[in-house]
Amino acid sequence: FPVTIHNDHIRFVHVVDADGQQRAGLDAPLGTLQAGQWVVENLVFNNLATSDSLAIYTGWYNYPTLERLPILTAVEGQASNWIQLAIIEQ
């Protein structure tokens, strides 16, 4: 992380279907993380059987304002302040 992350910063990972509906997700604080610190997570989302494609997005927001933290790299989703991690075609 380029800056220190605090408990009021919430990390989200959302699985969204082709219609833009959230099918699964996890929003949680990761505690205080120092600038330059790495975090590796293994998340499992069950019951996602669908004929649609699914997109996985991640990002951070401030609680309680719900304002998303800016994405500083030119990636898919940057304009919405989230990062598209993957598209799953089923």
Side-chain angles (χ1 to χ4, degrees):
F1 303 102
V3 297
T4 298
I5 299 292
H6 300 283
N7 281 333
D8 58 350
H9 293 138
I10 308 299
R11 184 266 302 121
F12 67 87
V13 178
H14 293 168
V15 180
V16 179
D17 67 20
D19 295 324
Q21 298 297 312
Q22 184 174 328
R23 299 289 305 269
L26 178 64
D27 295 41
L30 296 180
T32 300
L33 304 171
Q34 299 304 314
Q37 184 175 349
W38 285 75
V39 174
V40 177
E41 295 182 284
N42 183 22
L43 304 176
V44 176
F45 297 107
N46 296 315
N47 302 319
L48 292 176
T50 179
S51 60
D52 294 331
S53 64
L54 299 170
I56 303 173
Y57 294 96
T58 190
W60 294 85
Y61 61 86
N62 182 285
Y63 183 82
T65 68
L66 306 182
E67 179 181 353
R68 289 193 185 139
L69 301 183
I71 302 301
L72 304 176
T73 306
V75 295
E76 185 70 33
Q78 179 186 20
S80 298
N81 287 324
W82 58 5
I83 297 170
Q84 183 182 75
L85 297 175
I87 299 274
I88 301 169
E89 300 289 341
Q90 300 198 40

For this session: Answer yes or no: is there a donor N or O on one side and an acceptor on the other, between the side chain of Q84 and the main chain of G77, under 3.5 Å?
Result: no
Exercise. Taking V15 as the fixed residue, which of L26, L43, L48 is the one that meets the side chain to side chain contact (heavy atoms under 4.5 Å, CB included) rule?
Worked result: L48
Exercise. What do you reckon, is CD of Q22 surrounded by more than 12 foreign heavy atoms closer than 6.0 Å?
Worked result: yes
Exercise. Is there side-chain contact between F45 and I56, with heavy atoms separated by less than 4.5 Å?
Worked result: no
Problem set entry | Where T4 and Q34 come nearest, the two heavy atoms and their spacing | OG1-OE1, 3.7 Å
For this session: Please say which of L85, D27, T58 ends up in a side chain to side chain contact (heavy atoms under 4.5 Å, CB included) with H14.
Result: D27
Problem set entry | Transitive ILVMFWY side-chain link V13 to L54, under 4.5 Å | yes
Exercise. Y57: what forms a ring-ring contact (aromatic ring centres under 6.0 Å, His included) with it, not counting sequence neighbours?
Worked result: W82
Exercise. If you look at every heavy atom in Q78 and I71, which pair is closest and at what distance?
Worked result: NE2-O, 3.1 Å
For this session: Could you state whether L30 and L69 fall into the same hydrophobic cluster, counting links through intermediate Ile, Leu, Val, Met, Phe, Trp or Tyr residues with side-chain heavy atoms under 4.5 angstrom apart?
Result: yes
Problem set entry | Set of salt bridge (Lys or Arg N to Asp or Glu O under 4.0 Å) partners for R11, sequence neighbours left out | E41
Exercise. For the residue pair F12 and R68, what are the closest heavy atoms and their distance?
Worked result: CZ-NE, 3.9 Å
Seminar exercise, completed: Of all heavy-atom pairs linking D17 and R23, the shortest is OD2-CD, 3.6 Å
Exercise. If you look at every heavy atom in I87 and S53, which pair is closest and at what distance?
Worked result: CG2-CB, 4.4 Å
For this session: Return the set of residues passing side chain to side chain contact (heavy atoms under 4.5 Å, CB included) with Y63 (not counting sequence neighbours), or none when no residue passes.
Result: I10, L66
